[in-house]
Enquirer: 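Pasting a structure here, questions to come.
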Protein chains: 2
Amino acid sequence: MISSVSPEPLPAGEPRWLDAEEQKAWRAWLYSAQLLQDRLDRDLTHRTGISHAYYEILVALSETPERMMRMSELADRCLSSRSRLSHAVSRLEERGWVRRQVCADDGRGQLAVLTEEGFAALEGAAPIHVEAVRRELFDQLSPEQVENMRDFGETLLRHLDPDRSR
Amino acid sequence: MISSVSPEPLPAGEPRWLDAEEQKAWRAWLYSAQLLQDRLDRDLTHRTGISHAYYEILVALSETPERMMRMSELADRCLSSRSRLSHAVSRLEERGWVRRQVCADDGRGQLAVLTEEGFAALEGAAPIHVEAVRRELFDQLSPEQVENMRDFGETLLRHLDPDRSR
DNA sequence: GCGGAATAGTTCAACGCTCAACTACGCTAC
DNA sequence: GTAGCGTAGTTGAGCGTTGAACTATTCCGC
């Protein structure tokens with residue numbers, strides 16, 4: 001399930017506006033994050049025909065022992081809604097990269113299974129994507145900046161998705 | 001114009017895979033970035049009916065002296081393609097928040113102009129959005145982490161969009 | 001000034017995502 | 001065993017995004 005928002009009442013009074021320094025930090029981060037994700041997605045899509053969203057699904061499946069996963073678990077893993085994942089898996093099925101299989105121990109459940117063709121597609125795309133992540137991200141950062149990036153991500157994850165930080 | 005990708009040949013040989021530490025750093029950052037942007041967008045959309053993409057357009061216009069901007073400049077500012085911006089401005093026009101105006105000194109050009117209604121809508125949304133950015137981001141980070149976030153953003157921006165780092 | 005290239009912006013079709021139904025199955029208790 | 005509720009997943013309509021094709025204007029060299 002994707003991040004839900006509870007529309008709680010806002011605190012009354014003057015909002016806590018961002019000062020100039022906070023503005024700069026926020027915008028720099030936001031722009032860089034958008035540009036980075038955008039560039040990585042475009043690079044992957046144009047070089048391999050696989051969008052980053054689809055790539056993440058293939059990676060998740062490939063990392064399980066049997067190369068299969070329950071739909072809901074896969075959706076959680078990919079920060080995707082169930083509906084979105086269902087649509088995406090349908091498209092991947094059309095490409096012959098994934099197939100659906102009813103879940104043995106729960107008649108409601110479906111398993112998404114990575115096919116050999118799907119695994120091969122992933123094997124083709126992975127080096128290209130990793131190289132892009134290096135080029136656009138790691139090559140630009142010092143070891144200390146990488147450490148800070150990790151700290152930032154983990155700190156925020158604890159707040160945004162406590163369950164994942166197990 | 002949005003980040004373009006030149007499909008240059010990949011370096012031959014074994015790709016430079018990410019080691020376990022790099023993987024962790026990359027995934028933590030990527031997940032947190034996606035969750036954060038997603039949550040802020042949902043919060044804003046549900047509380048105000050303005051998506052983050054539209055909000056950025058209104059902000060950009062409101063920050064100019066005359067509350068108007070050339071379409072291409074606005075697209076660059078919002079990390080948007082021209083096509084995307086054109087569609088978005090059409091929708092904002094339907095809401096009466098923006099209007100188009102031919103550019104005096106360039107017959108090809110169009111100006112997007114923020115209306116009073118548009119400005120009022122922004123004034124209503126801004127405190128709600130700022131509060132969300134505080135709650136989901138700044139309140140979770142130490143001053144040092146904020147400084148690192150800024151450094152990360154600026155470092156990456158210099159690589160991803162050198163022109164913006166003027 | 002005139003022809004060709006470049007620039008500004010829009011439009012269209014294909015696709016992806018969201019949200020709200022909807023179907024189907026399982027779980028619990030009576 | 002069956003009613004009622006919760007869970008798993010799919011579907012469809014509506015909207016947003018993408019990339020390519022298109023129109024209109026300006027710029028440049030002669």
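First the proteins, then the strands, lettered A, B, ... as listed; each starts at 1.
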Enquirer: For the pair made of NE2 in A:His87 and P in D:dA13, what is the distance, rounded to whole Å?
Expert: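 Result: 11 Å.
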
Enquirer: Which one, C:dT10, D:dT18, C:dT18, comes nearest to the side chain of B:Arg42?
Expert: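 Closest nucleotide to the B:Arg42 side chain: C:dT18.
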
Enquirer: Could you check how far OH of A:Tyr54 sits from C1' of C:dG16, rounded to whole Å?
Expert: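 Whole-Å distance recorded here is 7 Å.
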
Enquirer: Any chance you could pull the hydrophobic cluster mates of B:Val102, using side-chain heavy atoms under 4.5 angstrom and chaining through other members?
Expert: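 None; B:Val102 is a cluster of one.
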
Enquirer: Using the test side chain to side chain donor-acceptor pair (under 3.5 Å), find all partners of A:Gln101 that sit at least two apart in sequence or belong to another chain.
Expert: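 If we apply the side chain to side chain donor-acceptor pair (under 3.5 Å) test to A:Gln101, skipping adjacent residues, the hits are A:Arg99.
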
Enquirer: Residues of residues 93-103 of chain B with any non-hydrogen atom less than 4.0 angstrom from an atom of DNA chain D: list those, numerically ordered, please.
Expert: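 Close to the strand, none.
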
Enquirer: For D:dG19, does either OP1 or OP2 sit under 4.0 Å from a side-chain N or O belonging to A:His46?
Expert: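 Answer is yes, contact under 4.0 Å.
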
Enquirer: Output the single nucleotide from C:dC19, D:dT18, D:dT10 whose closest atom is nearest the side chain of A:Ser83.
Expert: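 The answer is C:dC19.
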
Enquirer: Rounding to an integer number of Å, can you tell me how far A:Leu79 CG sits from C:dC17 P?
Expert: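 So the CG-P distance, A:Leu79 to C:dC17, works out to 13 Å.
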
Enquirer: Is the gap between the ring centers of A:Phe119 and A:Trp97 under 6.0 Å?
Expert: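 Centroid distance A:Phe119-A:Trp97: not below 6.0 Å, so no.
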
Enquirer: How many whole angstroms separate atom CG of B:Leu92 from atom P of D:dC15?
Expert: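 Distance check: B:Leu92 CG to D:dC15 P gives 15 Å.
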
Enquirer: Please identify each residue that fulfils ring pair (Phe, Tyr, Trp, His ring centres under 6.0 Å) with B:Tyr31, with sequence neighbours left out.
Expert: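 Once residues adjacent in sequence are excluded, B:Tyr31 has no partner under the ring pair (Phe, Tyr, Trp, His ring centres under 6.0 Å) criterion.
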
Enquirer: Which residues pass the side chain to side chain donor-acceptor pair (under 3.5 Å) test with A:Arg100, not counting sequence neighbours?
Expert: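 Partners of A:Arg100 under the side chain to side chain donor-acceptor pair (under 3.5 Å) test: A:Ser90, A:Glu93.
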
Enquirer: With sequence neighbours excluded, tell me which residues meet side chain to side chain donor-acceptor pair (under 3.5 Å) with A:Gln140.
Expert: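 Applying side chain to side chain donor-acceptor pair (under 3.5 Å) to A:Gln140 gives B:His159.
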
Enquirer: Checking B:Phe138 now: which residues fulfil ring pair (Phe, Tyr, Trp, His ring centres under 6.0 Å) with it, not counting sequence neighbours?
Expert: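 So B:Phe138 forms no ring pair (Phe, Tyr, Trp, His ring centres under 6.0 Å) with any residue.
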
Enquirer: Between C:dA8, C:dG16, C:dT10, which one does the side chain of B:Gln110 approach most closely?
Expert: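 Of the candidates, C:dT10 comes closest.
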
Enquirer: Determine: side-chain N/O of A:Arg91 to OP1/OP2 of C:dG16, distance under 4.0 Å, yes or no.
Expert: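 For C:dG16, OP1/OP2 do have a side-chain N/O of A:Arg91 under 4.0 Å.
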
Enquirer: Expressed as a whole number of angstroms, how long is the span from A:Arg82:CZ to D:dG6:C1'?
Expert: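 A:Arg82 atom CZ is separated from D:dG6 atom C1' by 12 Å.
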
Enquirer: Mind listing the N/O atom pairs, protein and nucleotides 24-26 of chain C, below 3.5 Å?
Expert:
unit_1, atom_1, unit_2, atom_2, d
C:dG26, OP1, A:Gly107, N, 2.9

Enquirer: Starting at CG of A:Asp38 and ending at P of D:dT17, how long is that distance when rounded to a whole Å?
Expert: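 Distance check: A:Asp38 CG to D:dT17 P gives 12 Å.
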
Enquirer: Are B:Thr45 and B:Ile50 side-chain neighbours, meaning at least one heavy-atom pair lies under 4.5 Å?
Expert: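 Contact flag for B:Thr45/B:Ile50 side chains = no.
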
Enquirer: Whole angstroms only, please: what is the CD-P distance between A:Gln37 and D:dT17?
Expert: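 That distance rounds to 15 Å.
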
Enquirer: Check the distance between C:dG16's P and A:His52's NE2 and give it to me in whole angstrom.
Expert: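 Computing the A:His52:NE2 to C:dG16:P distance gives 16 Å.
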
Enquirer: Among residues two or more places apart or on two chains, list those pairs meeting salt bridge (Lys or Arg N to Asp or Glu O under 4.0 Å) that have a residue in residues 23-32 of chain A.
Expert: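 Listed by first then second residue: A:Arg27-B:Glu63.
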
